[in-house]
Amino acid sequence: MRKAGVTACALTAGILLAGCAKPGASTFPPNQSAIYVSREGALYTSLTESYDPSDTGYDAGELRAMAEEEAAEYNRTYGAAAGQGPVSVAECKVEEGTAQVVYQYTGPEDLCRFTQDSQDEVNHPESLMVTTNSAYLQGDAGGGTWTDARKNTTVSLEAVTKKRDLPMVVVTGGVTVQTEGRILYYSGAVQLEDEYTARVLEGTAQIVFR
């Protein structure tokens, strides 16, 4: 966590207030280390660590500087010529025995590359795509066994695509994904932690949410 840089800062504009959620949405920022995906396809990674409050090594100012420098270093290498860089610090806190930093990304490629460069093994997927069930589940792309998350029963691809334009995540690698809306269907080696959170055990997982 110290390497990755947990800091103390406010959420960027347009993001939910810390620890809050819209009706029918999961809490943002996550209460755990995870990749967070919004309904609109916005991407975040959360690094969360418990610590002994008596440990004076967790200084909010120092950790904020570390996190912002990591993002700035990445942006100097991969950022556009103008405008906001591809990685930014969206949320930071050091309080009540919990240290957390949340990074925001302009796209999946930057999330994959930044987590690799910053040695964030918890949130580093081999590949990541944010799409919709209508756009992705065509032809052979819908292969595999699908599970209804609420009923824990196998369902057909037709059932998964019956309602169109649902947000969808396709991810490869052992990571935890938290979605803004409730998970409806999934395929692959997935263990549901709750109605919004899926832990990918191995291989490629497909997650459709509301």
Side-chain angles (χ1 to χ4, degrees), residues 14-16 20-48 86 90 102-116 120-210:
I15 307 303
L16 298 177
C20 300
K22 296 177 182 177
S26 63
T27 299
F28 184 93
N31 297 319
Q32 61 192 330
S33 295
I35 296 171
Y36 183 94
V37 186
S38 78
R39 293 186 176 104
E40 292 72 33
L43 288 168
Y44 306 83
T45 55
S46 168
L47 275 169
T48 303
V102 179
Y103 291 98
Q104 182 176 3
Y105 306 88
T106 57
E109 181 180 1
D110 289 302
L111 186 153
C112 293
R113 188 162 50 197
F114 179 79
T115 52
Q116 180 177 29
D120 179 3
E121 297 179 0
V122 175
N123 293 317
H124 175 59
E126 296 175 29
S127 64
L128 178 69
M129 176 188 298
V130 181
T131 179
T132 66
N133 64 337
S134 303
Y136 187 80
L137 295 178
Q138 301 178 19
D140 295 336
T145 301
W146 283 92
T147 300
D148 183 310
R150 185 174 63 87
K151 299 179 181 179
N152 194 28
T153 57
T154 301
V155 295
S156 66
L157 179 61
E158 182 180 4
V160 178
T161 57
K162 184 176 181 179
K163 185 174 181 180
R164 300 179 58 81
D165 298 324
L166 291 170
M168 178 176 176
V169 183
V170 182
V171 59
T172 300
V175 294
T176 297
V177 176
Q178 180 176 326
T179 56
E180 181 180 358
R182 182 170 62 83
I183 296 172
L184 301 178
Y185 308 101
Y186 64 87
S187 71
V190 170
Q191 178 178 309
L192 292 185
E193 302 295 328
D194 56 46
E195 60 183 344
Y196 301 104
T197 309
R199 185 159 65 94
V200 183
L201 304 178
E202 62 181 3
T204 298
Q206 302 173 88
I207 303 165
V208 176
F209 60 101
R210 189 183 300 280

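In this text the structure is predicted, and so the values were computed from the model without any measurement.
Of the possible polar contacts, none joining the N123 side chain to the T115 backbone as a donor-acceptor pair under 3.5 Å is found. Judged by distance alone, with hydrogens and angles left aside, the side-chain atoms of T132 form no donor-acceptor pair with the main-chain N or O of D165 at under 3.5 Å. When atom types are taken as modelled, the side chain of R150 and the backbone of L184 share no donor-acceptor pair closer than 3.5 angstrom. For the pair S46 (side chain) and A34 (backbone), a donor-acceptor distance under 3.5 Å is absent. A donor-acceptor distance shorter than 3.5 angstrom exists from the side chain of N133 to the backbone of L166, with no hydrogens or angles considered. Judged purely by atom type and a 3.5 angstrom limit, S26 uses its side chain to pair as donor or acceptor with the backbone of T179. Proximity of a side-chain donor or acceptor of S33 to a complementary backbone N or O of T48 within less than 3.5 Å is detected.
With a 4.5 Å cut-off on side-chain heavy atoms, F114 and T45 do not count as touching. Under the 4.5 Å side-chain criterion, counting only non-hydrogen atoms from C-beta, L43 is in contact with V37. Contact check for Y36 versus V102: no side-chain heavy atoms found under the 4.5 Å cut-off. Between Q32 and T197 there is a side-chain heavy-atom pair separated by less than 4.5 Å.
Here CE of M168 is found 4.0 Å from CG of L137. Values are rounded to the nearest 0.5 Å. Taking CD of Q178 as the start and CG of N31 as the end, the distance is 7.5 Å to the nearest 0.5 Å. Taking NZ of K163 as the start and CZ of R210 as the end, the distance is 5.5 Å to the nearest 0.5 Å. For the atom pair CG of L111 and CD of Q104, the computed distance is 11.0 Å after rounding to the nearest 0.5 Å. Distance check: R113 CZ to Y105 OH gives 12.0 Å after rounding to the nearest 0.5 Å. Put simply, CG on L201 and OG1 on T176 are 9.0 Å apart, with the number rounded to the nearest 0.5 Å.
Pairing each heavy atom of G173 with each of V200, the nearest pair is O-CG1, 3.3 Å. Of all heavy-atom pairs between E180 and F209, the closest is N-CE1, 4.2 Å. The minimum heavy-atom distance linking A159 with Y185 is given by the pair O-OH, 3.7 Å.
Counting non-hydrogen atoms of neighbouring residues, nucleotides and ligands closer than 6.0 angstrom, the CD atom of E121 reaches no more than 12 such neighbours. Counting non-hydrogen atoms of neighbouring residues, nucleotides and ligands closer than 6.0 angstrom, the CD atom of E202 reaches no more than 12 such neighbours.
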Practice task
Show your working on side-chain contact (heavy atoms from CB on, under 4.5 Å) between D120 and Y103 and close with a plain yes or no.
Solution key: CA-CA 11 Å; D120 179 3; Y103 291 98; over 6 Å; no
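With V171 as reference, L128 is the one residue of T204, V130, L128 to meet the side chain to side chain contact (heavy atoms under 4.5 Å, CB included) rule.
Using modelled atom types and a 3.5 Å distance limit, the side chains of Y196 and T27 yield no donor-acceptor pair.
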